Amino acid sequence: MSGTGNTKHCVEKLVKLLGENATLIPLEDDGTVEAIKHDDTIILGYPTQFSNAPFMVRSFIKSNDIWKGKKIICLTTMGAFSGDGTGCAARLLKKKGACILGGLQIKMPDAVCDSKLLKKSPEENKRIVSDADKLIETAAEAIKKGKYPKKGLSAGAHLVGFFGQRLWFYRKTAKYSDKLNIHENCIGCGLCSSICPMKNISVLNGKAVAGDRCTMCYRCISSCPQKAITLLGKEVVEQCRFSNYE
Ligand SMILES: Cc1cc2nc3c(=O)[nH]c(=O)nc-3n(C[C@H](O)[C@H](O)[C@H](O)COP(=O)(O)O)c2cc1C
Ligand code: SF4
Ligand code: SF4
């Protein structure tokens, strides 16, 4: 799963470096469950949200009995900090019988378009992406030798993720959000509705209308031509898309 493209880039790069003949499938696609059933080894990528896996990812893992015997690498991206971003999904997958091969947590530009908190200059963001690429290259070399990175999978990382953020912010990711705001300047172009992985937005009478199944991916917010959508903040300060940093 990837809202603004960071995680997609990282998974794509890792797969390419591993030289695997792999298919990249968005979690929201209809054919994902069947594809997982037919594959032995899976890289599950998602962005960290409040030091947790997005609700959509946790819900997908829990509601599908397709994990027994699968070998899985969890790859997460983050804007700053995630104690056990990978561990959050890894623990659920283990309960479902999966074997966790490794964990990779990668710092990428922040995706929260309506907050100034972690915003960086374009140069800094490009440097962050370049560092991320190097980390993925090192990880790919190690994986080829059978040495899997284990970031975020230890008991220590679990404690850091829990006390560092989840204890205080768990409510933010405990369910889908009904807090998406569509502002007056929406022109009803329908772009947000067509790209939302949760099909959470419809256009009615020339205006976008949000439902209550937002997984907080920020894809619509980062793409609206009117900057008319907000979620955690009150106004869009910067539209964050991976294509800005290439
Ligand atoms: C709702 C939300 C919560 C986030 N929480 C965290 C966080 O707790 N720690 C962190 O380092 N980054 C956090 N981020 C930043 C994203 O994890 C990061 O920008 C990620 O690379 C976005 O990936 P994507 O483009 O694949 O969606 C958060 C982003 C969003 C949208
Ligand atoms: S992308 Fe923006 S302008 Fe277009 S329908 Fe959605 S909210 Fe309205
Ligand atoms: S409504 Fe927007 S932020 Fe929420 S899941 Fe859909 S695209 Fe992502």
Side-chain angles (χ1 to χ4, degrees), residues 1-12 26-28 45-57 59 75-86 88 105-115 117-120 125 128-129 132 152 160-162 164-166 168-170 172-173 176-233 236 238-245:
M1 177 212 161
S2 183
T4 68
N6 289 346
T7 313
K8 179 171 180 278
H9 166 76
C10 294
V11 173
E12 259 170 1
L27 214 56
E28 64 268 23
Y46 54 88
T48 305
Q49 291 184 351
F50 299 102
S51 285
N52 206 345
F55 189 77
M56 177 211 200
V57 174
S59 169
L75 181 158
T76 61
T77 61
M78 59 194 171
F81 162 84
S82 113
D84 60 343
T86 55
C88 292
Q105 301 187 149
I106 305 167
K107 188 171 172 194
M108 286 293 274
D110 179 52
V112 186
C113 306
D114 49 5
S115 161
L117 197 61
L118 295 172
K119 291 298 157 296
K120 307 274 187 333
N125 277 334
I128 290 171
V129 171
V160 173
F162 182 73
Q165 276 211 91
R166 258 190 329 283
W168 326 104
F169 295 111
Y170 182 74
K172 302 251 188 209
T173 54
Y176 288 120
S177 172
D178 58 1
K179 303 274 185 298
L180 197 83
N181 278 316
I182 313 232
H183 298 260
E184 273 300 303
N185 57 331
C186 163
I187 52 168
C189 71
L191 178 65
C192 54
S193 164
S194 68
I195 60 178
C196 172
M198 296 302 304
K199 299 187 172 55
N200 185 48
I201 309 178
S202 346
V203 179
L204 293 173
N205 302 322
K207 293 274 180 198
V209 180
D212 57 3
R213 283 177 57 80
C214 172
T215 193
M216 300 198 293
C217 76
Y218 270 73
R219 192 182 293 170
C220 59
I221 306 164
S222 71
S223 299
C224 169
Q226 293 291 102
K227 298 187 181 167
I229 316 178
T230 55
L231 177 58
L232 296 172
V236 174
E238 180 192 331
Q239 286 184 308
C240 315
R241 290 192 290 267
F242 177 74
S243 52
N244 297 347
Y245 324 122

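First listed ligand is number 1; within each ligand, the first listed atom is number 1. Fair warning: this is a prediction, and the values are worked out from it, not measured in the lab.
Within the coordination shell of atom 2 (Fe) of ligand 3, defined by N, O or S atoms under 2.8 Å, Cys220 is present.
Using a distance-only test at 3.5 Å, with no hydrogens or angles considered, a donor-acceptor pair links the side chain of Ser177 to the main chain of Lys179. Counting only distance, with no hydrogens or angles, the side chain of Gln105 and the backbone of Thr77 share no donor-acceptor pair below 3.5 Å. Judged by distance alone, with hydrogens and angles left aside, the side-chain atoms of Glu238 form no donor-acceptor pair with the main-chain N or O of Lys119 at under 3.5 Å. The backbone N or O of Gln226 sits less than 3.5 Å from a side-chain atom of Asn185, completing a donor-acceptor pair.
Contact annotation: for Ile201 versus ligand 3, heavy atoms closer than 4.0 Å belong to the side chain alone.
Considering all non-hydrogen atoms of both residues, Ser51 and Phe81 come closest at OG-CE2, 3.6 Å.
For atom 9 (N) of ligand 1, the choice among Tyr218, Phe81, Phe50, Tyr46 with the nearest heavy atom turns out to be Phe81. The residue among Cys224, Ser223, Ala210 with a heavy atom at the shortest distance from atom 2 (Fe) of ligand 2 is Cys224. Among Val11, Asp110, Thr76, the residue whose heavy atom sits closest to atom 15 (C) of ligand 1 is Asp110.
In the vicinity of Leu180, heavy-atom distances shorter than 4.0 Å reach the ligand 3 atoms 1 (S). When each atom of ligand 1 is checked for a heavy atom of Ser51 under 4.0 Å away, the hits are 7 (C), 8 (O). Of all the atoms in ligand 1, the ones that sit under 4.0 Å from a non-hydrogen atom of Asn6 are 19 (O), 20 (C), 21 (O), 22 (C), 23 (O), 24 (P), 25 (O), 26 (O). Under a 4.0 Å criterion applied to the non-hydrogen atoms of Met108, ligand 1 contributes the atoms 21 (O). Atoms of ligand 3 lying under 4.0 Å from at least one heavy atom of Asn200, given by number and element, are 1 (S). Ligand 2 places these atoms under 4.0 Å from at least one heavy atom of Cys192: 1 (S), 5 (S), 6 (Fe), 7 (S). Atoms of ligand 1 lying under 4.0 Å from at least one heavy atom of Thr7, given by number and element, are 23 (O), 24 (P), 26 (O). Near Ala111, meaning under 4.0 Å from one of its heavy atoms, ligand 1 places the atoms 19 (O), 22 (C). The contact set between ligand 3 and Tyr218, taken as ligand atoms under 4.0 Å from a residue heavy atom, comprises 3 (S), 8 (Fe).
In this structure, Glu28 and Met56 have side chains that are in contact, with non-hydrogen atoms separated by less than 4.5 Å. Side-chain atoms of Cys192 and Ile229, non-hydrogen and from C-beta on, do get closer than 4.5 Å to each other.
Tested against Phe55 for a ring-ring contact (aromatic ring centres under 6.0 Å, His included), the candidates Tyr176, Phe50, Tyr170 yield a single pass: Tyr176. Screening Asn52, Thr173, Asp84 against Arg166 for a side-chain hydrogen bond (donor to acceptor under 3.5 Å, both in side chains) leaves a single residue, Asp84.
The number of heavy atoms from other shown groups lying within 6.0 Å of NZ (Lys120) is above 12. Heavy atoms of other residues, nucleotides or ligands lying less than 6.0 angstrom from NZ of Lys207 number more than 12. Crowding of Lys172 atom NZ: a count of heavy atoms from other residues, nucleotides or ligands under 6.0 Å not exceeding 12.
In this structure, atom 6 (Fe) of ligand 3 lies nearest to the protein heavy atom Cys196 SG, 2.3 Å. Gly79 N, 2.9 Å is the protein heavy atom nearest to atom 12 (N) of ligand 1. The protein heavy-atom contact nearest to atom 5 (S) of ligand 3 is Thr215 N, 3.3 Å. Nearest protein heavy-atom contact of atom 2 (C) of ligand 1 is Gln49 CG, 3.8 Å. If you check which protein heavy atom lies closest to atom 3 (S) of ligand 2, you get Ile187 N, 3.4 Å. Taking atom 21 (O) of ligand 1 as the reference point, the nearest protein heavy-atom neighbour is Thr77 OG1, 2.8 Å. Regarding atom 25 (O) of ligand 1, its nearest protein heavy-atom neighbour is Thr4 OG1, 2.5 Å. The protein non-hydrogen atom at the shortest distance from atom 29 (C) of ligand 1 is Val112 CG2, 3.5 Å. Distance from atom 8 (Fe) of ligand 3 to its nearest protein heavy atom, with residue and atom name: Cys217 SG, 2.4 Å. Among protein heavy atoms, the minimum distance from atom 27 (O) of ligand 1 is reached at Gly3 N, 2.7 Å. Given atom 28 (C) of ligand 1, the protein heavy atom at minimum distance is Thr48 O, 3.3 Å. At the shortest separation from atom 8 (O) of ligand 1 among protein heavy atoms lies Gln165 NE2, 2.7 Å. Of all protein heavy atoms, the one lying nearest to atom 4 (Fe) of ligand 3 is Cys214 SG, 2.4 Å.
Between Cys220 atom SG and Asn200 atom CG the span is 8.0 Å, to the nearest 0.5 Å.
For the 3.5 Å distance criterion, the side chains of Thr86 and Thr76 fail to qualify, holding no donor opposite an acceptor. In the model, Thr230 has no side-chain atom that pairs as donor or acceptor with a side-chain atom of Asp114 under 3.5 Å.
Considering backbone and side-chain N/O atoms, Pro109 comes within less than 3.5 Å of an N/O atom of ligand 1. At least one N or O atom of Ser2, backbone or side chain, sits closer than 3.5 Å to an N or O atom of ligand 1. Of the polar atoms of Gly5, at least one N or O is found under 3.5 Å from an N or O of ligand 1, judged by distance alone.
Proximity of Gly3 to ligand 3 is not established, as no heavy-atom distance is less than 4.0 Å.
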